[in-house]
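One structure is given below, encoded as structure tokens.
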Amino acid sequence: MCCRRFSSGFTTSGLFDTLRCFRGSSGYSSASSTGRTSWSSAPRKERRPLFPARIHSKALNLRPSVIRHRCRSLHPTLQSCSCRATHSDAKLRDPFTLAQKDLTSLYDDIKKELFVAKTELKYLCDYYFDGRGKAIRPIIVVLMARAMNIHSNRAGDLLPGQRTIAMISEMIHTASLVHDDVIDRSDERRGKRSINDVWGEKKAILAGDFILSAATMALARIGNSTVVKVLSHVIEDLVRGEFMQLGSKENEDERFKHYLEKTYKKTASLMAHSCKAVCILVNSDPEVHEIAYQYGKNVGIAFQLVDDVLDFTSGAEQLGKPAAVDLKLGLATGPVLFACQQFPELHALIMRRFSSKGDVDRAWQYVLQSDGVQQTTYLARRYCEEAIRQISRLQPSPERDALIRLTEIVLSRDK
């Protein structure tokens, strides 16, 4: 159901087969485990494993026996309230419609958190909170909160702290965008000039810092030390992920692991920990916390994988940013790493971060001639399947079904 819009004309049997079931943990070792040996479907070159099995079982700490055991049975406290029907039986709800009521005044409330007397600083901080963003993070947080409230035998309405977490997730995300644009020297964001392009890098950095400080103050007001500890991981992961993006791995196996870990830290960590935080406020069962975390983690990784695909398949008008921006920044994303298995010539380009004249165009052509886009899309689909498996363990509710529906939207989006 989730993937009917994607082509099935490429080899998928055996590719990351164990992505359906991950070894659960709150660290990254469970965030990017991918599974068995898979094979490239390149018609012109000898087939060889895309990523040898040893990287999945050893480097990513994947233990198939544990995985199979965890997939066959649920924690005793969850068996009585897990779904009796599969997600395909559920009447899937539109996530945007369900979350709309709780998000109507989201950006206005964020602007209140950012209130300062100095007009210019306030204008900088409010610049991206104009309602033109996807708001995917607060939507996920709101739906997860309501689904968890129902699962925990409470009323579905949001608690004040849960709504604050939805605001915080958007504030942290936006602050990271402001800082990313400075690092990448980007001149466009969400279809308009970036903050650093309009006001300069120094003021942009200060604006991003101020947004983070406001988010931290809002987090402190929630008054739950466990929630504070969980969400503090997000900022740490963002910084570590940015440092990882500045480096590269020469070994091809390590390079893909590096890419997935960076993807988790820069994108999925915020979704995963925000989902876990709203769950903590209403449920004390660590196993239920893990369901929320795993859903956010897997959807977050899939979201970024699709974003990396769109860098090759969508124009600047759809994305709101220039196409091929990752290559121009020297970044080897999923489509490039998969293409490298069919075109080893890409290895040298990756190591010099596409810095020589013509490198970006050559890499672009290699990716288009390979099945890198399809393989990355397929990998995103497997992460979404795992997200569905996790969230389907909750009590049935419109919000739970909307979270299932959201995985299809993540996969089929074109911007």
Side-chain angles (χ1 to χ4, degrees), residues 103 106-111 113-114 116 119-140 166-215 234-235 237-239 241-246 262-263 265-271 274 300 303-331 333 360 409-410 413-415:
L103 299 178
L106 178 78
Y107 289 108
D108 289 336
D109 291 341
I110 289 176
K111 290 177 181 179
E113 294 287 340
L114 298 172
V116 286
T119 303
E120 186 179 28
L121 177 58
K122 178 170 176 54
Y123 193 73
L124 264 72
C125 293
D126 291 350
Y127 189 67
Y128 287 147
F129 295 112
D130 56 4
R132 297 178 63 179
K134 302 180 186 73
I136 190 72
R137 289 153 190 84
I139 287 173
I140 289 175
M167 291 170 50
I168 291 170
S169 69
E170 186 69 0
M171 293 169 74
I172 293 176
H173 171 61
T174 302
S176 72
L177 296 182
V178 175
H179 287 157
D180 282 353
D181 287 345
V182 173
I183 294 170
D184 300 339
R185 296 183 178 179
S186 176
D187 59 3
E188 190 174 355
R189 170 70 64 181
R190 292 179 179 172
K192 61 183 181 180
R193 293 173 66 190
S194 62
I195 287 180
N196 53 289
D197 189 58
V198 177
W199 287 280
E201 292 184 355
K202 292 181 180 179
K203 290 182 178 179
I205 292 171
L206 293 173
D209 290 345
F210 185 79
I211 294 171
L212 276 178
S213 70
V234 174
I235 298 176
D237 283 342
L238 284 170
V239 175
E242 197 62 51
F243 267 93
M244 291 182 70
Q245 186 162 287
L246 295 175
K262 183 261 296 181
T263 296
K265 290 185 182 301
K266 288 201 63 178
T267 303
S269 174
L270 176 56
M271 296 186 186
S274 297
F303 185 92
Q304 185 59 51
L305 290 172
V306 172
D307 207 50
D308 294 342
V309 165
L310 291 176
D311 200 44
F312 289 92
T313 61
S314 294
E317 184 176 345
Q318 287 177 292
L319 288 175
K321 60 183 179 181
V325 65
D326 292 328
L327 288 177
K328 294 172 184 176
L329 291 172
L331 304 179
T333 56
V360 170
I409 294 172
V410 165
R413 69 191 181 94
D414 58 4
K415 62 180 180 178

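Quick caveat, the model's predicted, so the values are computed rather than measured.
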### Message
Quick one, L238 with L270, criterion side-chain contact (heavy atoms from CB on, under 4.5 Å). Give me CA distance, side-chain angles, the key distance, then yes/no.
### Response
CA-CA 8 Å; L238 284 170; L270 176 56; 5.9 Å; no

### Query
Under a 4.5 Å cut-off applied to non-hydrogen side-chain atoms, are L212 and H179 in contact?
yes

### Query
Are E188 and R193 close enough for a salt bridge, meaning some N to O gap below 4.0 Å?
no

### Task
Applying salt bridge (charged side-chain N to carboxylate O under 4.0 Å, His left out), run through D307 and R413 and close with a yes or a no.
CA-CA 9 Å; D307 207 50; R413 69 191 181 94; 3.4 Å; yes

### Message
Please find the pair of heavy atoms, one from V178 and one from A204, that lie closest to each other, and give the distance.
### Response
CG1-O, 3.1 Å

### Query
Could E242 and K265 be called an ion pair, given the rule that one side-chain N must be under 4.0 Å from one carboxylate O?
no

### Query
Can you find a heavy atom in the side chain of T333 that is under 4.5 Å from one in the side chain of F312?
yes

### Query
Where do A207 and C125 come nearest, in terms of heavy atoms and distance?
O-SG, 4.1 Å

### Query
Hey, does the side chain of S274 reach the backbone of M271 with a donor-acceptor pair shorter than 3.5 angstrom?
no

### Summary
CE (M171) and CG (D109) are apart, to the nearest 0.5 Å, by 10.5 Å

### Task
Check the pair F243, K262 against side-chain contact (heavy atoms from CB on, under 4.5 Å), reporting the backbone distance first and the verdict last.
CA-CA 9 Å; F243 267 93; K262 183 261 296 181; over 6 Å; no

#### Entry: Sequence-distant partners of F129, ring pair (Phe, Tyr, Trp, His ring centres under 6.0 Å), two or more places apart
none

#### Entry: Exercise: identify the closest heavy-atom pair between I172 and A215
CG1-CB, 4.2 Å

### Reported OG-to-CG distance for the pair S186 and L329, which is rounded to 0.5 angstrom
8.0 Å

### Query
Do D181 and S194 get their side chains close enough for a donor-acceptor pair, meaning under 3.5 Å?
no

### Message
Test of understanding: with side-chain hydrogen bond (donor to acceptor under 3.5 Å, both in side chains), list the residues that count as partners of E201, not counting sequence neighbours.
### Response
none

### Task
Kindly write out the residues that satisfy ring pair (Phe, Tyr, Trp, His ring centres under 6.0 Å) with F210, not counting sequence neighbours, or none if the list is empty.
none

### Task
Check the pair I211, Y128 against side-chain contact (heavy atoms from CB on, under 4.5 Å), reporting the backbone distance first and the verdict last.
CA-CA 11 Å; I211 294 171; Y128 287 147; over 6 Å; no

### Summary
Interatomic distance, NZ@K111 vs CG@L114, rounded to 0.5 Å, equals 9.5 Å

### Query
If you measure from CD1 on I409 to CD1 on I136, what distance do you get to the nearest 0.5 Å?
7.0 Å

### Query
Side chains of T267 and H173: closer than 4.5 Å at any heavy-atom pair?
no

### Task
Give a yes or no on whether the backbone of D326 and the side-chain of D311 come within a donor-acceptor separation of less than 3.5 Å.
yes

### Query
Heavy atoms, side chains only, cut-off 4.5 Å: are K192 and D130 in contact?
yes

### Query
What is the distance from atom CG of L206 to atom CD1 of I195, rounded to the nearest 0.5 Å?
11.5 Å

### Message
Contact between D308 and L331 at the side-chain level, heavy atoms closer than 4.5 Å - yes or no?
### Response
no

### Query
Could you give the distance from CG (D414) to OG1 (T313), rounded to the nearest 0.5 Å?
8.5 Å

### Query
Is any side-chain heavy atom of R185 closer than 4.5 Å to a side-chain heavy atom of N196?
no

### Carboxylate-amine/guanidinium proximity below 4.0 Å for D180 and K266
yes

